[in-house]
2 protein chains.
Amino acid sequence: MGKLTITDIARLAGVSKATVSRVLNNRAEGVGAQKRAQILKLVEETGFQPCSTARCLATGESRSIGLVIPDITNPFYPLLVRGAERRLNECGYSLFLCNTDRSLETEEAYVRVLIEKRVDGVILDSAGSMHDAHVRLLEDNGIPIVLLDRAIGHRTSRYGVFVDNQRGAFEAAAHLLRRDDCRLLFLNGPAGLSQSIERRAGVEEAARLAGATDRLRVLEGDFSVDSGFRLVAGALAETQTAAKSTPAAFNAVFAANDVMAIGALRALKQCGIPVPQEVEVMGFDDIELAGMVDPPLSTVSQPTLEMGTASADLLLRLIGGEKPRRKAVIMVPQLVLRGTTRSVAVGGAGDLGSKRSAGQVAEPVTQRQSAVGTIR
Amino acid sequence: MGKLTITDIARLAGVSKATVSRVLNNRAEGVGAQKRAQILKLVEETGFQPCSTARCLATGESRSIGLVIPDITNPFYPLLVRGAERRLNECGYSLFLCNTDRSLETEEAYVRVLIEKRVDGVILDSAGSMHDAHVRLLEDNGIPIVLLDRAIGHRTSRYGVFVDNQRGAFEAAAHLLRRDDCRLLFLNGPAGLSQSIERRAGVEEAARLAGATDRLRVLEGDFSVDSGFRLVAGALAETQTAAKSTPAAFNAVFAANDVMAIGALRALKQCGIPVPQEVEVMGFDDIELAGMVDPPLSTVSQPTLEMGTASADLLLRLIGGEKPRRKAVIMVPQLVLRGTTRSVAVGGAGDLGSKRSAGQVAEPVTQRQSAVGTIR
DNA sequence: TTGAAAGCGCTAACAC
DNA sequence: GTGTTAGCGCTTTCAA
């Protein structure tokens, strides 16, 4: 069963390669119905599969794209991947998975590989927001690229799909700060990420509005369970050792992702601190597990799957040669209140969703439409 | 910046394409040190990147491989993917991600694409264990393949990396059945999967040994949180309606994966049934979340990351032309007892690991060595 | 409607 | 050591 080539099929059918090629790419004209049927039959019988590698060489299109993400192991990303993969696959594109382990070096190495592989486009959820040499490389090679989840440089300078981080963080912080005595501990992501900057801005804005800037403390985590745990355990330890009225004390934690929030929850539980009675906790992302921990985690929900899909859609358009005027697709996050925040007495920001069936992720149907709509 | 080719470099360096090619593939001999340095410098300066597509056409090697998995969204798989990806990447291979959504049709379609892409090999965590037409297709095209996590056909007929499902299930069931009054509800995976068959065998064996075959009930789930929830909620409802002494009642649940176990936990909690006091619960996989739910989930731990790595290793050997005698690499699962099972009074199977720091996955160091060792 | 022929960018004999 | 020459399997003008 030596690999069949288009030449074999041509020979078997007694026609030229060109004719077979026309049939394979079903060019409407250029082939008689008779020959066409015969060739199709032959292809079917022999199980011939054209070599996409050779095709790529001839046409310049590889029909594969690169998807770069920081950490497939973090439950947020699989959904993003799945969204993109599904759409891309529907449209006949295959996907090179590039897991960077949050390392910029790995990311750059991957980008190089993707260029060599002659991908038709790249979706990039970058490990950093500052460095763009590799993005330039892609651009110089004429490879369309859409940023996902994290911006690099200014948001409007390149195509991308993001959630409104500032708004999400603002709403979360504002909710926690609704209580006059709230002392807020914000576990931000790594400095330098666009998300961290935006979310911090949101939190600070909320603090300012609440006149609580002196009751806000910001710590830097790395998005892992462990860092959420350690940061909170550390803050707790300070409180213990210092006088009871130390300014380090906090009674609310807002983590930049659910995974860190879960780590925070564990630290609190380990110290026997009741959540949400003594400390309220809020996450970001709304991963599936968020509703499964105890108590179920209040969080800022992102339309993750839709973001993946949207990035694929956008990339497909770029590959198709379109030049959408709006560069950034901004999705709207939604506050989901579950068990780690106390039910609201006063009307604060966000809806009173604590009785939402916890397994249900809030479906951001409306904003999805509006958000995706902005691109036109 | 029209794409540079090897011809350009050759022209610029005043040498032939062959020489450049030799340098690019750093063939030890065949190029003078002088020219070599010059060419290298030129490549560096121009940022030339050889087209792997053309190379593939010329050599027959694509340096990319296909990774087929059922559901990237289930927290078990990302680890598998990561293990495989890391090793493969180290060795210069890129990875096409094929998420089948547990659909055999999608899987077959993907396999076809992979063949067209001329992948050098495939790692296949199949959606089903019965159908092997697509595997045959791969084999007919001379593409090395290693099965991962799930067998297709008999375990020894093809190369693969698996966990000892029967043993894991046996130990879990035996542990639950250590109590004389245990009535065990086993939430198996979809019928037809090799895993389901093996795990069922393990459970039944344990029941037989405990003389408890009449106290075992087997239900079929689909690995989702929802199915775990519904199955248990349903069984619970039966119990309510029937007489209190109905045979449908159970006081232990063993789920074929952690995700279903978490669903079960939720159903139990919703009915106000204390775990583990009234009902013990055990999962399978030991995903990161397992330790994060409340109570932390007792489970059968798989060395997931290592399985991914091992599958990559095995595939690389096959690609390298080796024909290992042992076809199957069988990893050893490990019982991890946490909060959803009662601490053992009598010495039963497994260790008394309930005080294991819950965030820590038991490190299966020893069996990893022995298991991987079996292949030689 | 069909075929012949020239490439796509690279590698690998085989000469020199 | 270095260059020449065929291809790898496909698409795509351009003629017929």
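Chain naming here is simple, since letters A, B, ... match the order of the sequence lines and numbering starts at 1 in each.
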NA contact type, A:T5, heavy-atom cut-off 4.0 Å: base, sugar-phosphate, or nothing?
sugar-phosphate
If you look at every strand shown and take non-hydrogen atoms under 4.0 Å, does A:K35 touch a base, only sugar-phosphate, or nothing?
sugar-phosphate
Side-chain N or O of [X] less than 4.0 angstrom from OP1 or OP2 on [N]?
X     : N      : value
B:T59 : C:dT11 : no
A:R27 : D:dT12 : yes
B:T19 : D:dT2  : no

Could B:R87 and B:D313 be called an ion pair, given the rule that one side-chain N must be under 4.0 Å from one carboxylate O?
yes
Any ion pair linking A:R55 and A:E61 (charged N to carboxylate O, less than 4.0 Å)?
no
Does the side chain of B:D149 come under 3.5 Å of the side chain of B:Q195 through a donor N or O and an acceptor N or O?
yes
With nearest nucleotide decided by heavy atoms, which residue, B:V20 or A:S16, maps closer to the 5′ end of DNA chain C?
A:S16
Per nearest nucleotide of DNA chain C, the residue lying toward the 5' end, A:V15 or B:S52, is A:V15
Polar pair under 3.5 Å, donor/acceptor by atom type, side chain A:R22, base C:dG3:
yes
Is it the case that the side chain of B:S103 and the backbone of B:T106 share a donor-acceptor pair, with hydrogens and angles ignored and the cut-off at 3.5 Å?
yes
Name the closest nucleotide to the A:A58 side chain, picking from C:dT11, D:dC10, C:dG9.
D:dC10
